[in-house]
Amino acid sequence: MLRRELLGAGVAAGAASLLTAKDSFAQARVEQAARGMPSPKIKDISVIECAPQGVRLTVVKVTTDQAGLYGYGCATYTQRADLVRPAVERYLKPLLVGRPADRIEDTWQLVFNSSYWRNAADLNNAMSGVDQALWDIKGRQAGLPVYQLLGGKAREAVDLYGHADGADIAQVIERSKQYMAQGFRHVRSQVGVPGMAGYGAPQGANQRIPSLHDAPVFEREGYIRRAFSLFEAARKDLGEEIELLHDVHERITPTQALRFVKDVEKYRLFFLEDPVSPEDLEWFRLIRPQSSTPLAMGELFNNPNEWTPLIRERLIDYMRMHLSQMGGLTPARKVAAMGELLNVRTAWHGPGDVSPIGHMAMVHLDLTITNFGIQEYTPFNAATQEIFKGCPEMKGGYLYANERPGWGIEVDEAAAAKAPFRRDQLLNGGWGEIRLPDGQIIKQ
Ligand code: MG
């Protein structure tokens with residue numbers, strides 16, 4: 001008998017004694033290994049689109065040539081949702097069908113280089129769909145949750161912040177108390193600004209501020225005054241125990257941002273997010289030395305050249321990248337490891353327009369790293385949970401993974417088909433404009 005066959009027989013006999021009949025898939029893997037079976041090959045790549053309660057979610061399904069072995073990855077890009085499907089079906093599928101399904105790093109590098117021009121938002125999301133699906137497959141192959149493949153738990157569950165927003169300050173305080181009653185220790189505080197289009201909170205029914213146009217209007221100093229009124233009230237009503245976060249959403253000038261981070265120190269924010277836009281990253285070198293307010297940045301990043309200098313020079317405290325936007329779990333875990341060496345922590349972007357697969361990928365990564373900071377939380381509504389079976393579970397302000405193999409989520413494709421994309425909406429999901437009172441357009 002050949003040495004390999006002898007070894008294979010030994011593996012099969014030893015491992016079989018450890019397995020129970022209920023784990024037939026794992027048993028089949030052991031038998032395949034013993035027979036020297038080839039690794040699974042990618043047989044098909046398909047796109048599942050759905051819009052539970054109007055939110056467009058895109059998921060990629062990678063199917064292998066081994067019966068019952070497949071995986072899901074998040075490729076959600078709501079603002080240009082129609083571009084992701086052709087990127088997957090016309091470019092990634094022809095490139096990848098027939099290739100091994102168990103070479104994740106190799107596949108990522110292959111896809112990354114295949115467009116020659118790299119780091120485009122739609123292509124990164126398509127790539128993430130495949131990448132996360134291959135991690136799901138790897139977990140299902142091993143019979144383990146993905147977090148085990150990443151080294152196992154470094155924490156029991158993932159600490160969250162909830163969105164406490166309101167048209168007026170009293171509503172924000174009330175919403176914060178609701179989160180605190182559920183066990184949350186962190187809330188993002190955003191309040192509407194009378195008469196203008198604020199970010200992250202309803203505007204309310206105020207008469208709009210004077211302007212020279214009819215588009216949504218925003219005035220920078222009015223927003224800043226309103227935000228500080230909110231912080232004052234929140235600390236007074238909610239006390240010091242709750243952690244407060246705030247998102248500027250890149251809407252003020254860099255010099256206003258500098259003043260903001262200095263003046264807000266006394267309210268001891270957990271972090272201040274996006275004080276400047278990705279086009280103004282150099283300003284962090286001026287802002288950072290002048291304040292102890294923790295800074296968070298990164299949800300719009302597509303390119304390693306955006307996040308690398310900020311982390312390397314410790315110009316931010318929290319990296320906020322959007323996992324599908326940066327190309328999947330594979331790049332995210334590398335950047336997290338870089339951040340660990342420099343004590344820059346994670347706060348992955350977790351809005352409602354990330355599929356539960358994408359949220360679960362963040363949870364699995366969060367569970368395994370020691371520079372975890374916080375995770376943005378968006379509840380999964382009933383319509384979403386009907387399609388995605390096995391969503392992460394929230395208890396006491398923490399999010400939990402389940403113990404099923406891979407991501408632990410099954411997608412009900414029939415239910416997804418009953419909630420199709422709507423394409424009759426204004427701008428087909430794209431964003432419109434925000435303008436200063438004089439009509440100048442500003443960042444969203
Ligand atoms: Mg944000």
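Computed from a predicted model, the values in this text were never measured in an experiment. Start at 1 with the first residue, then count along the sequence. Ligands are counted one by one from 1 in listed order, and the atoms in each one are counted from 1 as well.
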A.B. asks: Going by chain and residue number, what protein N/O/S atoms come nearer than 2.8 Å to the Mg ion (ligand 1)?
C.D. replies: D247 OD2, E273 OE2, E299 OE1
A.B. asks: Run the side-chain donor-acceptor check on residues 87-97: report pairs under 3.5 Å with partners two or more places apart or on a different chain.
C.D. replies:
from	atom 1	to	atom 2	distance (Å)
E89	OE2	R85	NH1	2.8
K93	NZ	D44	OD1	3.1

A.B. asks: Can you list the residues that meet the side-chain hydrogen bond (donor to acceptor under 3.5 Å, both in side chains) rule with E243, with sequence neighbours excluded?
C.D. replies: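 Per chain and number, E243 pairs via side-chain hydrogen bond (donor to acceptor under 3.5 Å, both in side chains) with R268.
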A.B. asks: Show every side chain to side chain donor-acceptor pair (under 3.5 Å) that has at least one partner inside residues 389-405, sequence neighbours left out.
C.D. replies: Y147-E403
A.B. asks: Checking the side chain of S128 only, and the main-chain atoms of N124 only, is there a donor and an acceptor separated by less than 3.5 Å?
C.D. replies: no
A.B. asks: Are the side chain of R288 and the backbone N or O of L286 linked by a donor-acceptor pair below 3.5 Å?
C.D. replies: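 Such a contact is absent between R288 side chain and L286 backbone.
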A.B. asks: Ignoring hydrogens and angles, tell me if any N or O in the side chain of R226 forms a donor-acceptor pair with the backbone of G192 under 3.5 Å.
C.D. replies: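 The answer is yes, because a donor-acceptor pair under 3.5 Å joins these two groups.
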